[in-house]
2 protein chains.
Amino acid sequence: MKTRESFVPVYFQLAEDLKEKILAGELKPGDALPSETQLGEQYGISKMTVRNGLRLLAQEGLIESFRGKGSFVAHPNLSELILNLAGHGSENPQDYDSKLLAINVIAAEDGVALRLQIKPGTKLIQFRRLLLIDGEPVAVENRYLTYQRGKPLVEQEIKYADFPEAVARHTGIITEGNQVTISAVSLHQPEAELLETSSGIPALKVEQLVYGRQNTPLGLSIMICHGEKYHLIASTRSFFG
Amino acid sequence: MKTRESFVPVYFQLAEDLKEKILAGELKPGDALPSETQLGEQYGISKMTVRNGLRLLAQEGLIESFRGKGSFVAHPNLSELILNLAGHGSENPQDYDSKLLAINVIAAEDGVALRLQIKPGTKLIQFRRLLLIDGEPVAVENRYLTYQRGKPLVEQEIKYADFPEAVARHTGIITEGNQVTISAVSLHQPEAELLETSSGIPALKVEQLVYGRQNTPLGLSIMICHGEKYHLIASTRSFFG
DNA sequence: CAGTGGTCTAGACCACGCC
DNA sequence: GCGTGGTCTAGACCACTGC
């Protein structure tokens with residue numbers, strides 16, 4: 001603290017200071033922090049500024065606050081991970097490419113209809129893509145979108161956009177939810193051919209359901225990935241940004 | 001607004017109000033919001049209260065603010081997913097059980113040593129667990145922890161704790177990062193036996209690396225999951241908490 | 001009851017973007 | 001220069017917890 005002359009905001013310095021104490025073990029999980037009023041007096045800053053700093057720590061999951069009781073050092077819990085689907089786990093996004101295989105208007109088959117909560121046979125837009133890394137095919141993706149009258153899909157959208165973003169552009173509705181299911185399957189013949197490998201080898205199946213308001217399913221993406229060539233990577237944000 | 005008599009905080013009402021406008025399409029991605037001062041006048045509240053409300057929207061990724069320019073409706077982007085590893089994707093956590101197979105002190109083999117950034121042959125604590133759902137074995141997990149003098153591992157910790165939490169308790173260091181890699185593999189004979197199935201069928205391989213400060217790897221968990229019995233599910237937080 | 005966090009105000013000054 | 005968001009203050013009142 002004290003260094004009021006710094007360019008770093010005071011509430012940020014307070015947060016760093018407390019964070020140091022927590023990470024060094026001076027404040028252990030479950031311990032109570034000084035009250036906001038006390039912290040304000042200690043550091044010579046106003047309560048609102050203290051709260052601003054504590055909010056940072058709470059956002060990082062380092063502390064928890066309870067009205068009427070106090071603020072406490074949280075128990076470590078890093079089981080929430082951020083899975084970045086846009087990057088698909090590679091550090092070299094420039095090596096990515098995708099090839100559009102087909103766009104069709106189809107009648108929904110039972111499995112897809114179930115997931116999209118529509119009647120089997122309803123018209124859907126389907127498009128198939130091949131994902132390439134370094135020119136090598138690594139995954140086949142099938143996307144299904146609920147059909148919207150007078151909303152033609154532009155190829156560019158499909159090629160470059162994120163799936164939720166593409167759904168949002170097509171339906172004109174901001175997507176609100178997203179559920180991904182990951183499982184392991186054996187590669188079937190049609191996909192194996194596209195991936196230039198043999199059928200039967202292990203593959204990752206990544207299903208992504210995009211929801212709009214009122215939990216209405218708007219789109220479904222099913223991606224079959226070559227198990228050896230393709231990995232999904234997720235990481236927590238580090239406490240040190 | 002107006003309903004100042006409500007129990008809902010004013011800043012929350014402001015956030016809901018703007019959120020409605022955004023989700024209804026009244027404010028489109030890229031549009032500028034009224035300035036904080038203007039919003040304060042419109043709603044008859046102070047600037048700090050306005051900022052409190054805008055902070056909520058920013059946290060949800062609905063708006064972005066730029067000093068000197070203004071606040072703008074963000075472009076939808078739901079490609080970041082929260083993967084909850086503690087729950088392992090089931091809605092019925094009560095059906096979970098785990099069986100400890102073995103705890104050993106071993107010398108690190110090359111693959112593990114590489115990931116933990118230690119010299120091959122260094123002493124490690126290894127423990128193997130079997131994960132059961134409804135009494136059925138669905139996954140085998142191998143955990144490796146860097147050996148800490150005078151820090152015996154308690155069986156309870158292993159059985160119930162989250163991996164990052166277990167690491168934190170054992171090392172006495174708060175874990176700071178977490179990286180998970182998911183890939184598809186073929187089930188090998190030893191795991192197949194434990195999972196009471198045949199080798200060669202597809203399986204999910206989930207590797208979790210836990211880091212401490214200065215990006216020091218503290219622990220490694222390798223989980224082999226039955227591809228058909230086990231799915232990983234991730235979802236975005238909905239805008240409507 | 002006293003102490004806590006949660007909300008809110010009406011000002012102030014600053015750093016930045018833009019004209 | 002003016003308008004913007006970002007920081008900060010010194011108060012106030014409320015809702016809640018726990019004694």
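In this text, all values refer to a predicted model and were calculated from it rather than measured experimentally.
- The C1' atoms of five pairs define one axis at each end of the helix from C:dC1-D:dG18 to C:dC18-D:dG1, and these two axes lie 10° apart (to 10°).
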Could you walk me through whether B:Arg143 and B:Leu220 pass side chain to side chain contact (heavy atoms under 4.5 Å, CB included), step by step?
CA-CA 6 Å; B:Arg143 291 182 173 187; B:Leu220 172 66; over 6 Å; no
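- Taking atom CD1 of residue A:Ile45 and atom P of nucleotide D:dA10, one finds them 11 Å apart after rounding to whole Å.
- Between B:Thr49 and C:dT9, a side-chain N or O to OP1/OP2 separation shorter than 4.0 Å is present.
- Taking atom OH on A:Tyr43 and atom P on D:dT9, their separation rounds to 14 Å, with Å as the unit.
- Remark: C1' of C:dT7 and CG of B:Leu14 are 14 Å apart, rounded to the nearest angstrom.
- Residue A:Leu23 holds its CG atom at 6.0 Å from CG of A:Leu62, rounded to the nearest 0.5 Å.
- Distances shorter than 4.0 Å separate none of the side-chain N or O atoms of A:Tyr11 from OP1 or OP2 on D:dC8.
- For the segment residues 33-41 of chain A, the set of residues with a heavy atom within less than 4.0 Å of an atom of DNA chain C comprises A:Ser35, A:Glu36, A:Gln38, in numerical order.
- Panel note: side chain A:Gln13, backbone A:Val8; a donor-acceptor pair is recorded below 3.5 Å.
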CA sep, side-chain torsions, deciding dist, call: B:Thr49, B:Tyr43, side chain to side chain contact (heavy atoms under 4.5 Å, CB included):
CA-CA 10 Å; B:Thr49 307; B:Tyr43 288 85; over 6 Å; no
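- The CG atom of A:Asn52 sits 17 Å away from the P atom of D:dG5 (whole-angstrom rounding).
- The CZ atom of B:Phe72 sits 12 Å away from the C1' atom of D:dG3 (whole-angstrom rounding).
- Distance CD/A:Gln117 to CG/A:Leu209: 8.5 Å, rounded to 0.5 Å.
- Between the OG atom in B:Ser221 and the CZ atom in B:Phe127 there is a gap of 8.5 Å [rounded to 0.5 Å].
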Base versus backbone protein contacts along nucleotides 11-19 of chain D [heavy-atom cut-off under 4.0 Å; B, S, -]:
-B--BBBS-
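- Among C:dC8, D:dT9, C:dG6, the nucleotide with an atom closest to any side-chain atom of A:Arg51 is C:dG6.
- Taking CG of B:Leu124 as the reference point, atom CG of B:Leu145 lies at 8.5 Å (rounded to 0.5 Å).
- Between the CZ atom of A:Arg55 and the P atom of C:dT7 there is a distance of 11 Å, rounded to whole Å.
- Taking atom CZ on B:Phe66 and atom P on C:dC18, their separation rounds to 11 Å, with Å as the unit.
- One finds no salt bridge joining B:Glu141 and B:Arg128 here, because no Lys/Arg side-chain nitrogen approaches an Asp/Glu carboxylate oxygen to under 4.0 Å.
- The NZ atom of A:Lys28 sits 12.0 Å away from atom CD1 of A:Ile22, with the distance rounded to the nearest 0.5 Å.
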Mind running side chain to side chain contact (heavy atoms under 4.5 Å, CB included) on B:Arg129 and B:Val140 for me, showing each step along the way?
CA-CA 6 Å; B:Arg129 295 158 76 206; B:Val140 189; over 6 Å; no
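- Listed nucleotides: D:dT9, C:dG6, C:dC8. Nearest to the side chain of B:Val10: C:dC8.
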Assess whether side chain to side chain contact (heavy atoms under 4.5 Å, CB included) is satisfied between B:Val112 and B:Asn142, documenting all intermediate values.
CA-CA 11 Å; B:Val112 175; B:Asn142 265 313; over 6 Å; no
